[in-house]
Number of protein chains: 2
Amino acid sequence: MAGMEALAQLAALLADRTRAAFCEALLDGRAWTATELAAHARVAPSTASEHLSRLVSGGLLVEHRQGRHRYVALAGPHVAELLEAMTAFAGPAPRPRTLRAASAARALARGRTCYDHLAGRLGITLKAGLLGLGVVTGELAVTEPGLSWLRELGFTPSRRQTGRACLDWTERVPHLAGAAGAHLCGVFLERGWIKRIGTTRAVVLTPAGERGWRELGLTRAAASG
Amino acid sequence: MAGMEALAQLAALLADRTRAAFCEALLDGRAWTATELAAHARVAPSTASEHLSRLVSGGLLVEHRQGRHRYVALAGPHVAELLEAMTAFAGPAPRPRTLRAASAARALARGRTCYDHLAGRLGITLKAGLLGLGVVTGELAVTEPGLSWLRELGFTPSRRQTGRACLDWTERVPHLAGAAGAHLCGVFLERGWIKRIGTTRAVVLTPAGERGWRELGLTRAAASG
DNA sequence: CCGTCGGTTCGGCGCGGACCGAAGCGTTCC
DNA sequence: GGAACGCTTCGGTCCGCGCCGAACCGACGG
């Protein structure tokens with residue numbers, strides 16, 4: 001009974017469309033300023049300020065003051081996983097009403113970042129490739145040889161769980177999260193193998209990325225989609 | 001952006017302490033009548049009626065009208081898993097303020113049902129036993145020999161995933177859910193190996209259960225708690 | 001030093017929703 | 001048939017909160 005009080009409070013934090021929009025924006029894993037988020041959600045700066053304070057004190061976001069800026073970011077991968085899990089549960093999004101929204105939805109389904117790792121069809125392609133190489137098991141645990149494979153890409157294990165599953169809300173299938181998923185995503189971004197589309201969470205595999213993935217044995221033909 | 005609208009709506013369903021209390025009660029996996037839930041949450045029947053309608057139309061609950069009764073239950077295991085995941089996230093419950101609440105919390109931590117399977121220390125003990133027998137892997141997937149072992153206990157595979165992990169909010173470690181977890185819980189209840197405490201979700205291992213678990217090789221000494 | 005800018009605080013408005021009691025409806029029991 | 005029961009619908013009240021604009025504060029820049 002006491003635990004449900006906490007549940008209601010957590011849910012209340014996400015029960016507002018403006019705060020939910022903030023969280024969705026922050027799912028790109030970067031830190032945003034208060035003003036950016038306000039503009040993104042189309043609310044007054046004062047309104048955004050109050051929402052951010054609630055999200056921070058609720059533990060969903062962390063803030064980082066720097067000069068006259070207030071940067072906020074998701075408090076950690078666990079928040080991203082909760083958000084993806086809830087979005088997956090909330091079910092297939094209603095079909096978009098405008099052409100603009102439809103193309104944005106398609107871009108997100110094709111590939112996106114989920115906080116610090118890859119999601120969407122791109123994430124599933126990556127998972128399939130890693131599975132084929134024996135880097136991860138079907139449950140997305142990293143294997144012994146998989147660890148060596150990752151080390152060659154500059155990965156070093158940390159306290160954080162190496163491989164874990166994160167439910168993909170467009171594909172309805174888990175993709176690779178955890179330290180390994182985050183590292184791979186970082187490497188791909190560094191090498192220019194994937195690139196963000198505009199300022200959104202959506203990403204695409206670049207031509208260099210297609211070559212790179214083929215050479216690593218992650219794909220045979222170019223990923224299409 | 002459209003997906004977050006759905007998230008906010010889902011969150012709004014759980015953002016009320018009365019509705020959250022309903023869901024918690026229903027986590028025992030049984031169907032409750034509207035009046036029972038109203039009394040449980042200490043609200044007027046009319047209030048409960050409106051809440052239930054919202055939860056049902058939101059897809060969290062299913063209802064089953066029978067005569068003058070309205071039975072409601074969680075819409076499925078996925079709802080239970082969402083609730084447990086969110087409760088786990090919401091963090092350690094604030095320490096209970098009354099002796100009564102403290103003893104209830106202790107009972108829940110010792111053992112409880114999580115919709116249709118076992119949770120709490122009892123659930124973790126079960127998982128450890130199954131792991132020791134090689135019935136499940138560390139990721140809680142059912143092994144080949146494990147399936148035979150389950151069949152001997154009357155289990156037959158279905159469309160539902162056989163073994164899956166469900167995060168335990170008191171133990172902070174996953175326990176066994178899915179068809180296998182549900183079947184085992186059902187068998188234990190049938191055989192009188194576990195017993196509900198009062199009308200709550202809390203369960204205890206009976207003396208017969210301790211013998212049964214030992215004979216199955218799930219435990220060596222009696223489970224204590 | 002003053003203007004601009006990012007952010008916060010405060011007062012006030014308006015909506016949504018949580019709650020109850022009363023009344024109504026269909027079912028069940030006597 | 002009548003009473004009791006389980007539940008729902010409807011008014012009505014009240015509170016929380018999402019929103020804004022205005023005023024304010026501190027940081028930065030010329």
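Note on naming: letters A, B, ... go to the chains in the order of the sequence lines (proteins, then strands), and numbering restarts at 1 for each one. Predicted, not measured: the structure shown is a model, and the values here were computed from it.
Contact annotation: the side chain of B:Leu26 never approaches that of B:Leu83 to less than 4.5 Å [non-hydrogen atoms, C-beta and beyond]. A heavy-atom distance below 4.5 Å is found between the side chains of A:Leu153 and A:Arg191. A:Leu150 has its side chain within reach of A:Leu184: a pair of non-hydrogen atoms, C-beta onward, lies under 4.5 Å apart. The closest side-chain heavy-atom distance from A:Arg164 to A:Leu140 is not below 4.5 Å. Contact check for A:Phe89 versus B:Leu60: side-chain heavy atoms found under the 4.5 Å cut-off. For the pair A:Arg70 and A:Ser53, the minimum side-chain heavy-atom distance is below 4.5 Å.
Ring-centre distance between B:Trp32 and B:Phe22: not below the 6.0 Å cut-off.
Atom CG of B:Leu37 and atom C1' of C:dA18 are 17 Å apart (whole Å). Whole-Å rounding puts the A:Leu13 CG to D:dC17 P distance at 11 Å. Rounding to whole angstrom units, CZ of residue A:Arg70 and C1' of C:dT9 are separated by 12 Å. The CG atom of B:Leu14 sits 12 Å away from the P atom of C:dA18 (whole-angstrom rounding). A:Phe22 places its CZ atom 12 Å from the C1' atom of D:dG18, with the value rounded to the nearest Å. Atom CZ in B:Arg42 sits about 17 Å away from atom C1' in C:dC20, given to the nearest Å.
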So which protein nitrogen or oxygen atoms get under 3.5 Å of nucleotides 13-15 of chain D's nitrogens or oxygens?
none

Dump every N/O contact between nucleotides 26-30 of chain C and the protein below 3.5 Å, one line per pair.
| residue | atom | partner | partner atom | Å |
| --- | --- | --- | --- | --- |
| C:dT27 | O2 | B:Arg68 | NH1 | 2.9 |

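Residue A:Thr47 has a polar side-chain atom (N or O) positioned under 4.0 Å from OP1 or OP2 of D:dC20.
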Step by step, work out the side-chain contact (heavy atoms from CB on, under 4.5 Å) result for A:Cys185 and A:Ile194.
CA-CA 8 Å; A:Cys185 183; A:Ile194 58 177; 4.3 Å; yes
Go through the steps to decide whether A:Arg30 and A:Thr113 satisfy the test side-chain hydrogen bond (donor to acceptor under 3.5 Å, both in side chains), and finish with yes or no.
CA-CA 10 Å; A:Arg30 295 179 294 192; A:Thr113 52; over 6 Å; no
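Applying the 3.5 Å distance criterion, the base of D:dG18 shares no donor-acceptor pair with the side chain of A:Thr18. Judged by distance alone with a 3.5 Å cut-off, a donor-acceptor contact links the side chain of B:Ser46 to the base of C:dG21.
Sorted by residue number, the members of residues 49-59 of chain A with any non-hydrogen atom under 4.0 Å from DNA chain C read A:Ser49, A:Glu50.
Listed candidates were C:dT8, D:dG18, D:dT8. Nearest to the side chain of A:Arg19 is D:dG18.
Here A:Arg65 lies in heavy-atom contact (under 4.0 Å) with sugar-phosphate atoms only.
Checking A:Asp16 against B:Glu63, the closest nucleotide of DNA chain D that is more toward the 5' end is the one next to B:Glu63.
Across A:Ala208 and A:Gly192, no two heavy atoms sit closer than the pair CB-O, 4.4 Å.
Atoms CD and CZ, from B:Gln9 and A:Arg17 in turn, are 9.0 Å apart once rounded to the nearest 0.5 Å.
In this pair, A:His117 and A:His175 present their aromatic rings tilted. The plane angle is within the 30 to 60° band.
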